[in-house]
Every structure is written in structure tokens, then in C-alpha cells.
Amino acid sequence: MPLLQIAEPGQSAAPHQHRLAAGIDLGTTNSLIASVRGGVAETLADAQGRHLLPSVVRFSATAAPLVGQAARDAAAADPLNTIASAKRLIGRGLTDVHRLGGQLPYCFVDTDAAVPRIRTAGGDLTPVQVSAEVLKTLARRGEETLGGPLTGVVITVPAYFDDAQRQATKDAATLAGLKVLRLLSEPTAAAVAYGLDGKEGVHAVYDLGGGTFDISILRLTRGVFEVLAAGGDSALGGDDLDRAVAHWVLEQAGIGADSGADAGIDPGTLRRLMQVACAAKERLSREPSATLEVDLPNGGRWTGTLDRATFNTLIDALIARTLTACRRALRDARVGIADIDAVVLVGGSTRVPRVRERVAELFGREPLADIDPDRVVAIGAAIQADLLAGNRPGDDLLLLDVIPLSLGIETMGALVEPLIPRNTTIPAARYQEFTTFKDGQTAIAIHVLQGERDLVADCRSLARFELRGIPPMVAGAARIRVTFEIDADGLLRVGATEQTSGVSARVEVKPSYGMSDAEIESMLRASMEHAGDDLVARRLHEQRVDAQRVREALRSALARDGELLLSDAERARVDAALARLEATETSTEVTVIAEAIAALERACAFYVERRMNQTIHAAMAGRRVADFVPAQETH
Ligand code: ADP
Ligand code: MG
């Protein structure tokens with residue numbers, strides 16, 4: 001909090017120093033920077049008056065990287081050194097990259113490092129480094145326009161971005177020399193631009209960009225935006241509309257779309273065809289028809305006119321896919337169409353009149369579209385940046401975000417114990433106490449997980465670390481406090497402290513990069529679908545852990561005084577019951593394991609009783625009770 005200066009009598013208060021802050025929409029296709037000037041949030045243009053900066057960087061051995069339109073224009077001539085869509089790779093692991101590999105025409109360096117590198121004439125570069133170039137260009141534009149260094153920026157990220165992707169985005173900003181005031185989710189930024197942060201209710205944000213479609217259902221209550229559902233399609237966007245037009249052209253020109261479009265055409269011709277198709281598509285948003293002139297792969301030239309009605313039939317199936325995702329998101333959010341208070345259009349592709357029509361039809365209302373859909377996210381980010389920089393004293397409505405997936409740790413039996421549930425408002429801090437499983441255990445492994453499912457195998461592993469140096473104690477005596485702290489950007493720090501000895505360990509979660517938005521979405525969906533199965537699985541795992549604990553306690557008791565208290569015959573009976581329990585532990589029937597535990601307890605009742613008597617005798621003889629932990633106490 002900035003401190004208020006105390007005014008001397010007769011002096012006026014010091015004038016409020018306006019801090020230069022900006023909002024940045026770091027997009028897959030295009031990026032923008034915006035700032036609040038004279039009380040109005042607006043995007044900033046480059047020297048040529050262009051607001052959108054294509055998120056494309058061309059690297060060369062001799063010159064500084066080229067960013068933006070010039071790089072995009074060079075993509076056809078120099079595909080390997082011209083990197084577009086770095087956002088698809090940022091914060092991702094090599095496995096994701098291999099999966100996306102087919103779609104991305106770059107040369108990836110073969111390495112066993114967690115972060116993929118792209119080989120270019122300018123060196124081997126990570127997606128973070130590529131994004132940093134885009135950010136640097138925008139920051140320079142901002143400083144030139146605003147006339148001074150930026151105190152801080154708010155950068156937007158998709159709602160589904162996980163810890164790794166958020167951290168990588170922050171790393172890119174740091175590399176670009178920017179101070180990140182906050183990462184903000186794109187749909188939240190769009191809602192802020194429309195002033196929806198002042199209106200309680202449920203809002204749908206429909207974002208159709210260049211290569212991705214995102215639908216988010218947000219709920220605003222008392223200044224907190226909650227993401228009720230985030231869905232979409234990471235491989236559906238304006239590029240697909242271009243492709244639909246290109247196929248139509250080839251068909252009209254008598255070149256079978258199937259034989260031509262993706263197969264026999266040389267890349268240069270195909271790329272030019274796509275450019276013409278894209279220009280026609282954009283013209284059709286303003287005009288009823290568009291004329292196209294293209295060079296054909298067979299050397300000829302084709303000219304024709306595409307009218308809006310025909311264009312609509314070409315793209316209807318693609319729009320229908322976005323609407324299906326909207327319905328699914330509404331179902332996931334458990335809200336009906338009638339519960340939606342406002343629909344916000346985001347992304348350049350929502351300029352297509354047919355898209356607007358169909359979205360309006362689905363939601364039964366006109367969507368909000370007054371703010372330029374490809375600038376709305378940057379504008380919302382700028383408003384938030386202005387607020388965070390302290391330029392609006394008195395306006396303390398701070399927008400809060402929530403975490404999209406639950407965070408927890410692994411407990412015995414490969415189960416996940418959630419510490420911070422999904423949709424918790426951030427920043428947040430929680431702790432929970434855990435204990436040791438075995439007598440004399442001096443180290444525990446802490447495995448941090450993200451996801452909604454009960455079993456470790458179904459969640460995403462974020463980090464592992466060990467707490468060592470726990471003083472040897474009997475099982476269950478150590479008190480290990482595990483703390484989770486998430487900052488305002490959704491980044492996680494995990495600590496573990498043994499309370500009696502004070503030994504501690506902590507980890508800043510820079511998770512192993514690598515989960516796609518579709519995976520997050522499907523994890524959420526699976527957690528709903530499998531709620532029943534999970535319950536069964538959880539009970540089974542718990543039962544197995546119980547069985548192991550009983551066996552472990554009995555074994556350690558036997559090691560201590562088995563010889564002293566049991567005859568050979570008695571010992572054989574106990575061992576047999578122990579073996580029977582062990583044999584059932586692979587069973588998938590909860591009741592079978594439970595019965596074996598009960599049987600073992602019956603078989604050992606006499607031994608437990610003897611041990612208790614022994615303990616009492618020992619206590620009376622001045623010995624510490626803790627030296628003799630009755631076996632049943634740990635059951
Ligand atoms: P992203 O969020 O993926 O960075 P944008 O929101 O900038 O992308 O959207 C880019 C897409 O919007 C491109 O496919 C572009 O062709 C499309 N687009 C831009 N203007 C128009 C328009 N007037 N009509 C139709 N599509 C448009
Ligand atoms: Mg976008």
C-alpha cells in the first residue's frame with residue numbers, strides 16, 4: 001500500500017504521482033499493448049499506426065530479431081527461422097511439443113532438458129525467449145508513446161493456463177525487463193473492459209482468435225471473478241475459416257480440394273492462396289461479397305467472387321463446433337442459458353457477422369461487441385494495471401482471481417489430499433498436518449499434485465521434494481505441517497516443517513512443463529464423470545493403506561517383544577494371520593481386505609493384551625510409556 005504523505009498545516013498534499021503502467025495481451029496470433037491515459041484505456045499504435053503486433057519473430061545470425069508484420073511477411077521465405085505461435089509452446093514440455101510437432105514447422109533441438117528449444121540462425125531458443133522478443137517490442141512502443149519507463153505491466157493469459165505456463169509467461173516478461181504487476185486471465189480482462197467487474201452475475205466470454213477458440217463462464221460475486229468453466233478448442237480459429245475459403249477456391253477452379261489443398265501444391269502457392277482467402281474473409285465482414293484473384297498450382301490464374309451467403313455455408317460447420325463447446329461449458333458450469341447476464345465477444349474472428357448471429361441465437365441475446373474484439377483483452381488489462389499501479393486512489397475494488405484446478409499432496413496409498421480446492425480465490429495460503437507412517441522414519445517425500453481426481457495417477461504431478469532429518473519417532477508421532485501459498489499470479493510455494501524439531505524444506509513450484517489446455521479440460525470433466533468410480537477407488541486405497549499400517553505396526557511390535565511374549569505356537573498363529581492379510585492386499589474388494597484386517601486383529605487380541613499389561617508394568621517400573629506403543633493404537 002502506498003503511504004499517504006502527511007501535509008504540514010497550510011501546505012497542500014503532494015500531488016499524486018502518475019505511474020506509467022500498461023496492459024499486454026500476449027496472443028497466439030497477435031499481441032497488443034494498452035494504457036489508461038486521461039482516464040481512458042486505449043491500445044497503443046506503432047509509428048505506422050498499427051495496433052496489432054503479429055506474434056511472430058524472425059531470427060538471424062547477424063541482425064537483431066525482427067518482430068511483427070515484417071517477420072510474418074518473411075515466414076514463407078524463411079520458415080525455419082521465423083517463429084509464430086510461441087504461445088502454443090510456452091511452459092510446455094517436450095512431450096507436448098512432439099504432439100504438436102506435426103503442426104509446427106520448426107526444427108527442435110534434440111535434448112533431454114525439460115524445456116524445448118528451437119534451432120534458428122539466431123541460436124537455440126526457448127519459447128520463453130521468443131515471447132520475450134514480442135514483449136520487448138511492445139514495451140518499447142509503450143515507453144515511446146507514454147514518454148517514460150513502465151513501472152509495471154499486467155499480462156493476460158488464457159484461463160486454462162497452468163502453473164508452468166503462467167510461470168513461463170512471467171519469465172518471458174522478466175527477460176524483457178518488465179515488472180509484472182499481475183497475470184490476469186483473458187476472459188476476466190475482457191469482462192473488466194466492459195465494466196462487468198461492477199456487476200454481480202454470470203458472464204460468458206466467447207473468444208475466437210486466429211488459431212484457438214475459448215469459452216469461459218465467469219461468475220462475479222463481491223469483486224471476485226470465479227471461472228465456473230473454461231472450455232474450447234485449441235485447434236479451431238480464424239485460420240480454419242481461411243482454409244475453408246481456400247478449399248472453395250480450389251474447387252471452383254476445378255482442382256479437387258482433396259487432391260490439391262494439402263497435397264500437391266507447393267508451399268509458396270499454398271501460402272499465397274491462404275493469404276488471399278484470409279483477406280477475402282476479412283472483407284466479407286464489412287461487405288456483402290469479395291473478389292478473389294489467385295495463382296493456381298497449375299500455373300493458371302483464377303478470378304471469382306465469393307458472396308456472404310456462400311461464405312456462411314462454408315463456415316457453418318466450424319461455428320457449430322464452437323457452439324457445441326459453449327453448451328458443454330454451460331453444462332460444466334451447471335448454469336442454464338437463462339442464467340447468463342452478459343455475453344462478451346473477444347478475438348478478431350468474432351467480427352464475422354455469421355459468428356455473431358449464431359452466438360446471439362444460442363444465448364438468446366445480443367452479445368457485447370462495442371469494444372473492438374481484438375483489443376478488448378488488452379484494454380481490460382490496462383485498466384487493471386492502472387489500478388494496481390496505484391493510479392486510482394480511493395478505488396480499492398481489486399479484482400480477484402481463482403485457481404482453476406485443485407492443489408494437493410500425495411498421501412499413503414497413492415491418494416491425493418487436496419489442500420487448496422479449485423476455485424479458491426488467490427492469493428491464498430493453507431496448511432495441513434501430516435505424520436509418519438513407519439516407526440523411526442526420518443524422511444518423508446512430498447509430492448505436489450494438481451487436479452480434481454482422488455488418485456495420484458489421475459492428477460498432474462507438479463513437484464516432488466523431501467523433508468529429511470526428522471528425529472526418529474514412533475509412527476504417527478511426528479507432526480509435519482505442509483503449507484501451500486499461492487501468490488496473486490497463481491504461482492505456488494510449498495513448505496514442510498516438522499513441528500517438534502523444526503526441520504523444514506520448501507519448494508517453489510516450477511512444475512515440469514507440459515500439459516495442454518485440452519488435458520486440463522478433460523481432467524476436469526473426468527473428475528465429474530468419475531466421481532463415483534473415484535469414491536470406490538479411494539475406499540479401496542484407504543483400505544489397503546489401513547492393512548499396511550496394521551501389518552507395519554504388528555511387525556514392529558513383534559520385533560520388539562515378540563520373542564519375549566509369545567510361544568512358538570502363538571507366534572506361528574500370528575504370522576499366519578499376518579500372511580493371510582498380506583495376501584488379500586492386491587484384492588480389489590474393499591470388504592475382503594477389511595475382513596482380513598478384522599481376522600488379524602482377532603488373532604492378535606491376546607498378544608495386544610499381553611503387551612498392554614507389559615506396558616503398565618514398565619510404567620510402574622519408571623519406564624516411559626512411549627517406549628511401548630500398544631499395537632492397536634496405530635490401527
Ligand atoms: P489471437 O487471440 O489468436 O492472437 P486475434 O484475436 O488477433 O487472435 O484474431 C486473429 C484472427 O482474427 C485472424 O484469423 C484474423 O484473420 C481474424 N480477423 C481479424 N479481423 C477480421 C475481420 N474483420 N473479419 C474476420 N476475421 C478477422
Ligand atoms: Mg486473443
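As the structure is a prediction and not an experimental result, all values here were calculated from the model. One-based numbering, in listed order, for ligands and for the atoms of each.
Atoms of ligand 1 lying under 4.0 Å from any heavy atom of V352, numbered from 1 in the order shown and given with element: 25 (C). Interface atoms of ligand 1 facing G347, defined by a heavy-atom separation under 4.0 Å, are 6 (O). Atoms of ligand 1 lying under 4.0 Å from any heavy atom of T28, numbered from 1 in the order shown and given with element: 3 (O), 4 (O). When each atom of ligand 1 is checked for a heavy atom of C278 under 4.0 Å away, the hits are 16 (O). Atoms of ligand 1 found under 4.0 Å from any heavy atom of R351 (numbered from 1 in listed order, with element): 19 (C), 20 (N), 21 (C), 22 (C), 23 (N), 24 (N).
Among L284, T29, L208, V377, the residue whose heavy atom lies nearest to atom 1 (P) of ligand 1 is T29. Of the candidates G348, G211, S285, the one placing a heavy atom closest to atom 12 (O) of ligand 1 is G348. Checking G238, G210, G27 against atom 11 (C) of ligand 1, the nearest heavy atom belongs to G210. Comparing G209, A279, A277, S85 by heavy-atom distance to atom 2 (O) of ligand 1, the nearest is G209.
Salt bridge status for R351 with D374: present, with a side-chain N to carboxylate O gap under 4.0 Å.
In terms of polar-atom proximity, D374 is not counted as a contact of ligand 1, lacking any N or O under 3.5 Å from an N or O of the ligand. For ligand 1, the polar-atom distance check finds no N/O of R286 at less than 3.5 Å from any of the ligand's N/O atoms. Not one N or O of D242 is nearer than 3.5 Å to an N or O of ligand 1, by distance alone.
In this structure, D341 contributes its side chain and V202 its backbone to a donor-acceptor pair below 3.5 Å. No side-chain donor-acceptor contact under 3.5 Å links T212 to the backbone of L208. Counting only distance, with no hydrogens or angles, the side chain of D78 and the backbone of T82 share no donor-acceptor pair below 3.5 Å. A donor-acceptor distance shorter than 3.5 angstrom exists from the side chain of R356 to the backbone of T350, with no hydrogens or angles considered.
How far CD1 of I118 is from CD of Q129: 9.5 Å, rounded to the nearest 0.5 Å. For the atom pair L492 CG and Q167 CD, the distance stands at 11.0 Å (nearest 0.5 Å).
Here the heavy atom of the protein found nearest to atom 19 (C) of ligand 1 is E282 OE2, 3.5 Å. Atom 7 (O) of ligand 1 has as its closest protein heavy atom N30 ND2, 2.8 Å.
Using a 4.5 Å cut-off on side-chain heavy atoms (C-beta onward), L26 and T156 make no contact.
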| Does the salt bridge (Lys or Arg N to Asp or Glu O under 4.0 Å) test come out yes or no for R19 and D386, once each step is laid out? | CA-CA 8 Å; R19 295 184 188 86; D386 191 45; over 6 Å; no

